[in-house]
Amino acid sequence: MKALITALGCGLLFGTGLCVSGMTDPANIIAFLDVGGKWSPNLAGVMLGAIAVHATWLAWTAQRRAARANRSLPASGKRVDGALLGGSALFGIGWGVSGYCPGPAIVALGSGALGALLFVTAMAAGMVLYEGTEWTIRRSGKSSAIPH
Amino acid sequence: MLSAILGGALIGLSASLYWSLDGRIAGISSILSGALFNHGRERWAKLLFLLGLLAAGVGFARFTNRVPAPALALLPLVFSGLLVGFGTRLGGGCTSGHGVCGLSRLSVRSLLAVLTFMVTAGITVFVVRHVLKLWVPS
């Protein structure tokens with residue numbers, strides 16, 4: 001129950017932050033990404049505010065946690081590979097086309113933006129497509145039937 | 001700029017509470033993916049996070065009487081969504097997971113991911129706005 005209330009509350013807080021910062025308006029995102037137009041530094045301000053709070057929090061709690069020597073920050077573990085860079089490159093292209101990334105799009109959907117409904121549906125379809133592709137690759141890997 | 005930093009601070013606070021109370025990373029693409037593919041309680045937690053995001057959007061529209069929307073045709077919008085959905089899963093995160101959470105943890109992987117998507121997004125905006133002229137400023 002606590003986990004569910006935490007999730008709801010954190011979602012609400014996260015969404016409120018996105019609204020206050022103006023990031024649910026794709027025009028504000030494009031204004032940051034468009035170095036050839038009327039450039040706006042606001043997105044950098046959002047990132048700066050978020051990282052300042054979160055990094056400080058993590059450093060502070062890590063100290064306390066280290067004293068108890070149990071949970072540490074999850075190691076990012078995985079390597080830097082083609083999936084990380086290729087996936088991020090694809091994400092950037094999609095982001096640049098509409099000015100929507102996942103968080104703001106979902107909040108904008110709540111605001112009743114029709115475009116956000118289309119975007120979020122397509123985004124979910126993209127995730128389904130990824131799961132399907134990954135499943136197929138894993139399956140063909142298991143049966144060692146790698147196509148030539 | 002002040003509202004941007006203040007809004008960012010709220011996002012940072014949310015990511016902090018989610019981590020400390022629940023031990024999870026507030027990456028929205030992962031949360032959406034979990035809402036689609038996880039089972040049982042894990043799925044419910046993710047659905048509730050999404051519900052919180054939606055509720056914030058509802059409140060914002062009521063409060064400001066404004067619904068910001070992209071000035072974009074259907075096809076590019078769908079194309080954009082597909083790429084964001086597929087790309088964030090392949091790359092393991094988006095602006096919140098790699099950007100806010102990853103950079104706060106000084107993750108090298110996240111730094112490389114952020115640099116990559118910022119550069120491709122910048123190039124894309126240039127092409128879409130100044131070459132193809134698909135984005136009609138409202």
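Just so we're clear, the structure is a prediction, and the values are computed from it rather than from any experiment. A, B, ... follow the sequence lines: proteins, then strands. Residue 1 opens every chain. Excluded from the calculations below are hydrogen atoms, water molecules and symmetry mates; all remaining heavy atoms, backbone and side chain alike, are included.
Taken from CE in Met118(B) to CH2 in Trp95(A), the straight-line distance is 4.0 Å, to the nearest 0.5 Å. Taken from CG in Leu90(B) to CG in Leu84(A), the straight-line distance is 8.5 Å, to the nearest 0.5 Å. We find the CE-CG distance between Met1(B) and Leu48(A) to be 7.0 Å, quoted to the nearest 0.5 Å. For the atom pair CG (Leu53(B)) and CG (Leu18(A)), the distance works out to 7.0 Å, reported to the nearest 0.5 Å.
Counting only residues at least two apart or on different chains, the ring-ring contact (aromatic ring centres under 6.0 Å, His included) pairs with a member in residues 22-48 of chain A are Phe32(A)-Trp39(A).
Under the 3.5 Å distance criterion, the side-chain polar atoms of Ser111(A) are matched with a main-chain donor or acceptor of Gly57(B).
Top candidate by heavy-atom pairs under 4.5 Å with chain B, chosen from Ala44(A), Ala50(A), Gly22(A), is Ala50(A). Of the listed residues (Gly15(A), Ala83(A), Gly115(A)), the one with the most heavy-atom contacts under 4.5 Å to chain B is Ala83(A). Of the residues considered (Glu134(A), Lys2(A), Glu131(A), Met47(A)), Glu131(A) shows the highest number of contacts with chain B, using heavy-atom pairs under 4.5 Å. With chain A as the partner, the residue from Ala4(B), Ala15(B), Ser96(B) showing the most heavy-atom pairs under 4.5 Å is Ala4(B). Counting heavy-atom pairs closer than 4.5 Å to chain B, the top residue among Ile106(A), Ile29(A), Thr16(A), Val120(A) is Ile106(A). For the options Ala9(B), Ser14(B), Cys101(B), Gly102(B), heavy-atom pairs under 4.5 Å to chain A are most numerous at Ser14(B). Here Gly8(B) is the residue among Gly7(B), Gly8(B), Gly87(B), Gly93(B) with the most heavy-atom pairs under 4.5 Å with chain A. Across Leu106(B), Val127(B), Leu103(B), Leu32(B), the residue that shares the most heavy-atom pairs under 4.5 angstrom with chain A is Leu32(B). Comparing Cys94(B), Gly122(B), Ala61(B) by how many heavy-atom pairs each has under 4.5 Å with chain A, the most go to Cys94(B).
With a 4.5 Å cut-off on non-hydrogen atoms, Phe63(B) does not touch chain A at all. Only the side chain of Thr133(A) comes within contact range of chain B, with heavy atoms under 4.5 Å apart. For Leu21(B), the parts lying under 4.5 angstrom from a heavy atom of chain A are both the backbone and the side chain. Contacts of Ala125(A) with chain B are made by both backbone and side-chain atoms, with heavy-atom separations under 4.5 Å. Proximity to chain A is limited to the side chain of Phe79(B), based on heavy atoms less than 4.5 angstrom apart.
Neither side chain, Thr116(B) nor Ser88(A), offers a donor N or O lying under 3.5 Å from an acceptor on the other.
Between Val128(A) and Phe37(B), the shortest heavy-atom distance links the atoms CA-CZ, 3.7 Å.
Checking Ser16(B), Ser20(B), Ser104(B) one by one against Leu58(A), the side-chain contact (heavy atoms from CB on, under 4.5 Å) holds for a single residue, Ser104(B).
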